[in-house]
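To keep things clear, I will list the structure first and then write my remarks on it.
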Amino acid sequence: MWDEDGNEFIDFCCSWGPLILGHANDDVLKKVSDVMALGTSFGTPTVLETELARLIVDNHRFVEKIRFVSSGTEATMSAIRMARGYTGRNKVIKFEGCYHGHVDSLLVKAGSGLATLGTSTSAGIPEGFANETIVLPLNDTIAIDEAISSYGNDIACIIIEPIPANNGLLLQDKEFLTYLRKVCSDNGILLFFDEVISGFRVGFEGAAGLYDIEPDIMAFGKIIGGGFPVGAYAAKKEIMSHISPEGPVYQAGTLSGNPVAMAAGIAQLTACLQDGFYEQMESKTAEFVNNIQSFADENKLPFHMFHVGSVFWASFSNKNRVQNADDIDPNSADRFKHFFDELIARGVYIGPSGYEVGFVSAAHTAEDLQTAADAFKSALAIAYGI
Ligand code: PMP
């Protein structure tokens with residue numbers, strides 16, 4: 001990536017995750033420009049929308065039907081409405097530190113930019129909206145049991161980032177996710193995996209595939225749009241049939257499913273489906289992370305790199321398990337600022353917050369990763385004063 005002054009960076013923000021093939025990928029650009037020459041939006045379905053849907057339905061065990069929208073926020077917002085319409089219930093359980101876009105009722109203890117700004121909830125949200133949201137700590141089955149015994153009959157869904165990646169990378173135990181699956185099934189609650197980051201990132205089937213847990217609803221975004229504005233939500237046909245025009249839950253969008261974004265998504269997901277794609281992404285990310293971690297260990301720095309698939313997070317603490325938003329020391333942000341400036345000075349760009357994860361793309365070469373790892377090491381040495 002080059003900035004306006006011509007400085008070159010190895011980029012690990014990758015537009016916050018969509019660019020799994022890197023910037024300006026040839027296949028994506030070719031498909032987009034071929035399609036764009038025919039028109040950019042028609043306000044009526046095109047076969048490209050069906051093609052992208054088919055690509056996902058055929059290769060994802062848990063997606064029976066999918067609806068395209070234009071952002072991750074729209075996807076979670078619409079899917080929550082669907083969950084309420086389907087169950088006839090009002091309340092939603094979410095978890096501290098999980099971000100689901102800037103949906104009013106979900107901007108409570110939400111991570112992402114809010115974590116960086118040191119606030120937990122946005123202004124401008126009527127109390128009545130937030131009252132419908134029950135916020136619980138991650139990885140705490142007792143809190144779930146208590147919430148269900150108090151509000152069970154009015155809980156429409158439990159929404160979670162199955163790989164929470166907006167407040168650091170708070171990797172959950174599979175047992176916790178399995179527990180959520182069970183309590184949802186037992187209590188008529190829909191289990192909603194927000195896979196806007198993890199979907200098509202940790203594997204084509206995202207976290208649901210990785211943990212082998214079937215959610216009732218999924219939200220997607222980022223990677224499925226190949227760098228264009230796209231989101232989607234998906235579920236079994238029975239649930240999706242509640243969406244208009246088939247069912248009574250209204251949702252629409254002028255540019256939803258537009259051919260340009262669909263074309264980019266088709267090109268990108270086709271590349272992701274190639275044999276060995278995710279294995280390669282995982283192994284080069286592991287090598288990159290281990291390279292940096294060895295340096296931190298040799299120098300006894302209180303620092304830990306977490307990763308899953310091609311997502312990583314640099315944590316400025318020596319805890320090797322961080323599973324709750326509260327486990328992160330807010331003072332570690334100061335160390336991050338210093339580290340970030342030193343990385344920038346060495347031509348490496350990551351998201352400008354200690355709470356954000358980084359993304360390795362298929363375009364990062366072994367040489368790029370070695371150069372970047374060296375920059376991480378010297379930036380760490382300076383940030384820790386060694
Ligand atoms: N859900 C999750 C898990 C996300 O990480 C994000 C964005 N980072 C969203 C929803 C919202 O997506 P968008 O920014 O496209 O509205």
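As the structure is a prediction and not an experimental result, all values here were calculated from the model. First listed ligand is number 1; within each ligand, the first listed atom is number 1.
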What about [X]: any of its N or O atoms under 3.5 Å from an N or O on ligand 1?
X	answer
H102	no
D194	yes
T76	no
G72	yes

Enter the distance from F68:CZ to E74:CD here, rounded to the nearest 0.5 Å.
13.0 Å
I'd like to check which ligand 1 atoms, numbered from 1 as shown, lie under 4.0 Å from a non-hydrogen atom of [X].
X	value
H100	1 (N), 10 (C)
S71	15 (O), 16 (O)
T73	11 (C), 12 (O), 13 (P), 16 (O)
I197	5 (O)

Count the heavy atoms belonging to other residues, nucleotides or ligands that lie under 6.0 Å from CZ of F42, then report whether that count exceeds 12.
yes
With a cut-off of 6.0 Å (strictly less than), are more than 12 heavy atoms of other residues, nucleotides or ligands near CZ of R54?
no
Heavy atom of K222, distance to ligand 1 below 4.0 Å:
yes
Is it true that Q370 and D374 share a donor-acceptor pair across their side chains at a distance under 3.5 Å?
yes
Out of G225, G199, G101, whose heavy atom is nearest to atom 10 (C) of ligand 1?
G101
When you look for heavy atoms under 4.0 Å from ligand 1, do you find them on the side chain of Y99, its backbone, both, or neither?
both
Counting only heavy atoms closer than 4.0 Å, does ligand 1 sit against the backbone of E161, its side chain, both, or neither?
side chain
Taking every heavy atom of Y278 against every heavy atom of V202, the minimum-distance pair comes out as CD2-C, 4.3 Å
Charged N to carboxylate O under 4.0 angstrom, D26 versus K30?
no
Check the orientation of W313 and F306. Use parallel for under 30°, tilted for 30 to 60°, and perpendicular for over 60°.
parallel
Going by heavy atoms in the side chains, are I189 and R89 under 4.5 Å from each other?
yes
